[in-house]
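Worksheet: the structure to be examined is printed underneath.
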Amino acid sequence: MQTTAIRGIVTEAYLCEEEWAKRLENPLLKNIKMEQYFVETDKKFGTKRLVSGVDIDIFANNIQDESKLDELEHLLYRFRRTKRATEIMDSTNYAVIRAFLKFKQYESLMRILKDRENYGIFPDLFSYNILISTFLKEKLYEEAASTAILMMLQEDFSNKISCVLGVYSCQVFLNNCSMDELSVNAEENLEDDLSEAEKNLGVRRVPFLKNPWFDDHFDITNPKHLIGKTFYLLGRNIDNVVGRSYQIIGLAMYEKWEKAATLLNTLIQSKNATILNASVEKTRELIQEIPEDGEKTKEKLFNQFNDLFDKMKLEAKIEEGDLMAELELHLNAVTANEKEDIEGMKQLFSKWEKERKEALDQQNADIDRDRRLKIIQEKKEQLYWKEKFLFFFENEDKILEELKKPKRT
């Protein structure tokens with residue numbers, strides 16, 4: 001097991017603490033009494049209108065006390081089970097992550113992030129950068145690597161810092177931890193969904209039957225394959241020797257040997273497409289880990305990749321250099337340009353504040369419209385019976401005939 005000095009993490013300025021705190025000055029959040037708001041919101045789950053996305057967003061953005069985190073988790077869990085779950089706002093995802101990080105509730109946060117089916121929290125790339133950086137600083141290497149894997153599964157690689165941080169976090173995990181320490185999927189506790197009455201009756205809940213087809217993405221449970229696919233997909237978005245080297249290592253860990261061979265052939269035919277010798281040695285190590293079988297798979301792969309590496313050497317496509325050192329140099333270079341992300345987050349904060357007000361105004365308008373429609377309906381009902389009463393004697397025969405008719409079931 002190898003220890004690594006952690007460098008190249010995003011700065012404190014990346015958190016935009018001052019700008020993020022400004023949301024609390026808005027009267028929409030400032031005037032909220034959280035205890036009362038939670039009770040009223042929780043009661044809405046039993047009503048016809050249900051809880052809305054903006055209801056959850058207001059609560060999530062106004063968390064200033066650690067004791068409210070359990071209530072937030074409760075609301076997220078219940079909201080995810082409603083037909084309005086798709087209304088969850090982008091600002092809610094960010095606020096949930098910032099709230100749990102603020103109070104260092106890392107275990108609860110990771111449980112929520114891994115259980116997307118039950119909580120529906122999908123971080124944006126700014127959130128991923130903050131998450132990974134925080135975990136690396138806290139030396140929570142498993143959490144950092146798990147976060148990178150979640151980002152890979154989400155398949156958004158548009159942020160340069162995210163891609164390099166994701167690769168870096170997985171490499172730091174491999175340098176400091178054993179593979180069996182990695183846990184990506186949330187543990188499913190089916191009994192938690194049962195009421196006390198159901199438990200007393202001996203009711204047991206069983207998981208949904210899933211399609212037996214393996215999608216080779218969300219269904220991956222092998223930690224080595226998950227790390228490998230993360231290296232590969234993130235490495236494809238790092239256009240230098242580091243990115244190419246991690247693509248090869250990733251495909252080897254992922255045991256996609258045919259893809260790895262195709263990639264090497266492509267690199268041989270490309271100009272200035274080099275890889276580090278460290279990736280060559282790592283690939284050979286991974287081939288050696290393949291168990292012996294009757295088809296001599298290990299021997300065939302070893303010979304095939306040795307031939308490919310020899311061709312790369314002839315074309316001067318293999319560079320000497322320390323893989324971790326090169327990765328850190330690239331990470332430091334990328335994170336030095338974090339100002340663009342910081343400006344992007346500031347713009348998002350303003351946008352989210354505007355969207356929150358618009359969503360709440362629309363919700364209040366809808367509630368007012370429904371209230372007025374109900375009043376109109378009640379008045380129409382009153383007028384109907386008033387008319388019946390005023391013209392009873394004129395229509396007595398007709399009314400009696402109607403009463404004699406058999407009631408439809």
Side-chain angles (χ1 to χ4, degrees), residues 12-105 108-109 112 119-124 126-127 130 342-375:
E12 291 297 321
Y14 198 90
L15 298 175
C16 301
E17 290 286 8
E18 186 177 340
E19 290 77 9
W20 176 239
K22 285 180 181 178
R23 76 196 189 284
L24 299 173
E25 299 172 8
N26 190 306
L28 196 153
L29 297 179
K30 191 176 182 180
N31 299 327
I32 296 292
K33 295 179 180 179
M34 291 293 277
E35 290 83 1
Q36 181 181 350
Y37 188 86
F38 170 74
V39 172
E40 291 175 354
T41 303
D42 196 41
K43 283 181 179 179
K44 279 188 182 181
F45 285 109
T47 65
K48 184 179 179 181
R49 177 166 286 277
L50 295 177
V51 174
S52 67
V54 71
D55 292 333
I56 300 295
D57 188 65
I58 289 172
F59 191 86
N61 275 275
N62 209 23
I63 297 288
Q64 300 175 63
D65 184 345
E66 186 175 353
S67 64
K68 299 301 175 190
L69 294 179
D70 287 339
E71 295 177 355
L72 174 60
E73 182 177 347
H74 171 80
L75 292 178
L76 290 171
Y77 188 84
R78 294 199 69 184
F79 181 64
R80 184 65 172 170
R81 280 158 172 69
T82 69
K83 61 184 179 182
R84 302 187 72 174
T86 55
E87 294 180 14
I88 192 165
M89 303 174 75
D90 291 340
S91 53
T92 304
N93 292 310
Y94 186 87
V96 168
I97 291 164
R98 290 297 296 263
F100 278 88
L101 288 179
K102 178 180 179 180
F103 298 107
K104 296 191 175 184
Q105 294 298 311
S108 296
L109 176 57
I112 289 170
Y119 293 100
I121 297 300
F122 295 84
D124 60 17
F126 299 139
S127 301
I130 292 170
I342 292 171
E343 289 304 314
M345 276 187 279
K346 290 178 181 179
Q347 291 173 17
L348 272 181
F349 295 162
S350 298
K351 178 186 174 186
W352 288 341
E353 194 166 321
K354 182 180 178 182
E355 288 177 346
R356 188 180 303 120
K357 184 180 184 307
E358 289 175 351
L360 186 62
D361 288 345
Q362 182 61 52
Q363 176 171 285
N364 290 335
D366 291 343
I367 291 172
D368 184 60
R369 181 197 63 198
D370 291 347
R371 180 185 61 79
R372 286 186 283 110
L373 285 173
K374 185 178 179 182
I375 291 172

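No hydrogens, no waters, no symmetry mates; every other heavy atom, side chains included, goes into these values.
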- Note on the structure: Across all chains, not counting sequence neighbours, the side chain to side chain contact (heavy atoms under 4.5 Å, CB included) partners of Glu19 are Cys16, Lys346, Phe349
- Can you name the side chain to side chain contact (heavy atoms under 4.5 Å, CB included) partners of Asp70, sequence neighbours left out? none
- Message: Using side-chain heavy atoms (C-beta onward) and a distance below 4.5 Å, is Arg84 in contact with Val51?
- Response: no
- Query: Does a donor on one side chain sit under 3.5 Å from an acceptor on the other, for Asp55 and Thr41?
  - Reply: no
- Which class fits the ring pair Phe38 and Phe59: parallel under 30°, tilted 30 to 60°, perpendicular over 60°? tilted
- Message: To the closest 0.5 Å, what do you measure between OG (Ser67) and CD (Glu35)?
- Response: 7.5 Å
- Item | Over-ring placement of Arg23 relative to Trp20, 6.0 Å and 45° cut-offs | yes
- Query: Taking atom OG1 of Thr86 and atom CZ of Phe79, what is their separation to the nearest 0.5 Å?
  - Reply: 7.5 Å
- Task: Measure the CD1-OG distance between Ile56 and Ser91 for me, rounded to the nearest 0.5 Å.
- Result: 12.0 Å
- Query: Of all residues at least two apart in sequence or in a different chain, which pass the side chain to side chain contact (heavy atoms under 4.5 Å, CB included) check with Lys351?
  - Reply: Leu348, Glu355
- Query: Rounded to the nearest 0.5 Å, what separation is found between the CH2 atom of Trp352 and the CG atom of Asn93?
  - Reply: 8.5 Å
- Task: Could you tell me which residues satisfy salt bridge (charged side-chain N to carboxylate O under 4.0 Å, His left out) with Asp124, sequence neighbours excluded, listed by chain and number?
- Result: none
- Query: Salt-bridged, Arg98 to Glu17, with N to O below 4.0 Å?
  - Reply: yes
- Item | Residue list, ring-ring contact (aromatic ring centres under 6.0 Å, His included) with Phe100, at least two apart or on another chain | none
- Message: If the condition is ring-ring contact (aromatic ring centres under 6.0 Å, His included), which residues does Tyr119 pass it with, not counting sequence neighbours?
- Response: Tyr77
- Message: Restricting to salt bridge (charged side-chain N to carboxylate O under 4.0 Å, His left out), what partner residues turn up for Asp42, sequence neighbours left out?
- Response: Arg78
- Item | Partner set under side chain to side chain contact (heavy atoms under 4.5 Å, CB included) for Glu12, not counting sequence neighbours | Leu15, Lys137
- Closest approach of Met89 to Ala359 (non-hydrogen atoms, all atoms of both residues): CE-CB, 4.4 Å
- Task: State, yes or no, whether a side-chain contact exists between Val96 and Ile63 at a heavy-atom distance under 4.5 Å.
- Result: no
- Item | Asn61 side chain vs Asp57 backbone, donor-acceptor pair below 3.5 Å | yes
- Rounded to the nearest 0.5 Å, how far apart are CZ of Arg371 and CG of Asn364? 11.5 Å
- Task: Sequence neighbours left out, what passes salt bridge (charged side-chain N to carboxylate O under 4.0 Å, His left out) with Glu40? Give chain and number order.
- Result: none
- Item | Asp361: salt bridge (charged side-chain N to carboxylate O under 4.0 Å, His left out) partners, not counting sequence neighbours | Lys357
- What's the spacing between Phe103 CZ and Asp65 CG if we round to 0.5 Å? 6.0 Å
- Within a strict 4.5 Å, meaning less than it, do heavy atoms of the Glu66 and Leu69 side chains meet? yes
- Query: What pairs with Ser108 under side-chain hydrogen bond (donor to acceptor under 3.5 Å, both in side chains), at least two apart in sequence or on another chain?
  - Reply: Arg111
- Query: Are side-chain heavy atoms of Ile130 and Ile97 found at a separation under 4.5 Å?
  - Reply: no
Distance-only criterion, 3.5 Å: show the donor-acceptor pairs between side-chain atoms of residues 24-33 and protein atoms not counting sequence neighbours.
residue : atom : partner : partner atom : Å
Asn26   : OD1  : Leu28   : N            : 2.8
Asn26   : ND2  : Glu353  : OE2          : 2.7
Asn31   : ND2  : Pro27   : O            : 3.2

